[in-house]
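The block underneath contains the structure these notes are about, expressed in structure tokens.
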Amino acid sequence: MIAGRLTMRAAVERDQATGTDSWGNPLPPDFQPLATLNCFVWSNQSREIVDGEKSAMIEDMRALFALGADIAEDDEISSVTDRQGVEIIPGRLKVEGPVQRKHTHLEVALKRIG
């Protein structure tokens with residue numbers, strides 16, 4: 001049922017850095033390709049915040065994945081394309097918060113990485 005909605009492809013990457021440096025600090029992230037997953041990504045809301053001379057765009061994005069997809073909190077999506085490989089959403093996105101399991105799919109909140 002949900003398979004018909006998953007018309008996009010997400011190139012998912014996962015941080016492979018483990019351990020700490022000689023000072024006990026975590027190692028810098030080392031994101032490596034994990035999989036290309038069928039998905040559907042959309043934007044719920046977009047708004048601009050202005051503070052004096054600075055402005056920022058805040059966008060609430062969500063994504064659907066099939067049940068059993070290997071997607072986890074803190075994974076990053078390097079690109080979202082259509083079935084032909086044409087980029088739909090430019091830039092990197094990060095999975096924010098825990099993956100929500102629904103009856104027919106997995107749902108995640110996304111944050112744009114700039």
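Counting begins at 1 with the first residue of the sequence.
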Q. Would Thr104 and Leu67 satisfy side-chain contact (heavy atoms from CB on, under 4.5 Å), going step by step from the backbone distance to the final call?
A. CA-CA 7 Å; Thr104 58; Leu67 287 174; 5.6 Å; no
(Q) To the nearest 0.5 Å, what is the distance between CG on Leu93 and OG on Ser78? (A) 9.5 Å
Q: Sequence neighbours left out, what passes side-chain contact (heavy atoms from CB on, under 4.5 Å) with Lys102? Give chain and number order.
A: Gln100, His105, Glu107
(Q) Which heavy atom of Arg62 sits nearest to which heavy atom of Ala109, and what is that distance? (A) NH1-CB, 3.2 Å
Q.
If I take atom CZ from residue Phe65 and atom CG from residue Leu37, how far apart are they, to the nearest 0.5 angstrom?
A. 6.0 Å
Q | Any side-chain heavy-atom pair of Leu106 and Leu64 under 4.5 Å | A | no
Q: Sequence neighbours left out, what passes side-chain hydrogen bond (donor to acceptor under 3.5 Å, both in side chains) with Thr7? Give chain and number order.
A: none
**Q.** All side-chain hydrogen bond (donor to acceptor under 3.5 Å, both in side chains) counterparts of Gln32, not counting sequence neighbours
**A.** Asp30
Q.
Can you list everything that forms a side-chain contact (heavy atoms from CB on, under 4.5 Å) with Pro26? Sequence neighbours excluded, please.
A. none
Q: Return the set of residues passing side-chain contact (heavy atoms from CB on, under 4.5 Å) with Asp75 (not counting sequence neighbours), or none when no residue passes.
A: Val12, Arg14, Leu34, Ile71, Ala72, Val95
**Q.** Passing option when Lys111 is tested against Arg92, Met61, Glu96, Glu76 for side-chain contact (heavy atoms from CB on, under 4.5 Å)
**A.** Glu96
Q. Hey, quick one: are Leu6 and Val99 part of the same hydrophobic cluster, counting side-chain heavy atoms closer than 4.5 Å, chains of contacts allowed?
A. yes
(Q) Can you give me the closest heavy-atom contact between Asp15 and Pro29, atom names plus distance? (A) OD1-CA, 3.5 Å
Show me the side-chain donor-acceptor pairs of residues 17-25 shorter than 3.5 Å, one per line, residues at least two apart or across chains.
from	atom 1	to	atom 2	distance (Å)
Asp21	OD1	Trp23	N	2.9
Asp21	OD1	Gly24	N	3.0
Asp21	OD1	Asn25	N	2.9

Q. Are any of the side-chain heavy atoms of Thr81 and Met8 separated by less than 4.5 Å?
A. no
**Q.** From Arg9 atom CZ to Ile77 atom CD1, the distance as rounded to the nearest 0.5 Å
**A.** 13.5 Å
**Q.** Distance-minimising heavy-atom pair for Glu87 and Ser79
**A.** OE2-CB, 4.0 Å
Q. What pairs with Asp74 under salt bridge (Lys or Arg N to Asp or Glu O under 4.0 Å), at least two apart in sequence or on another chain?
A. Lys94
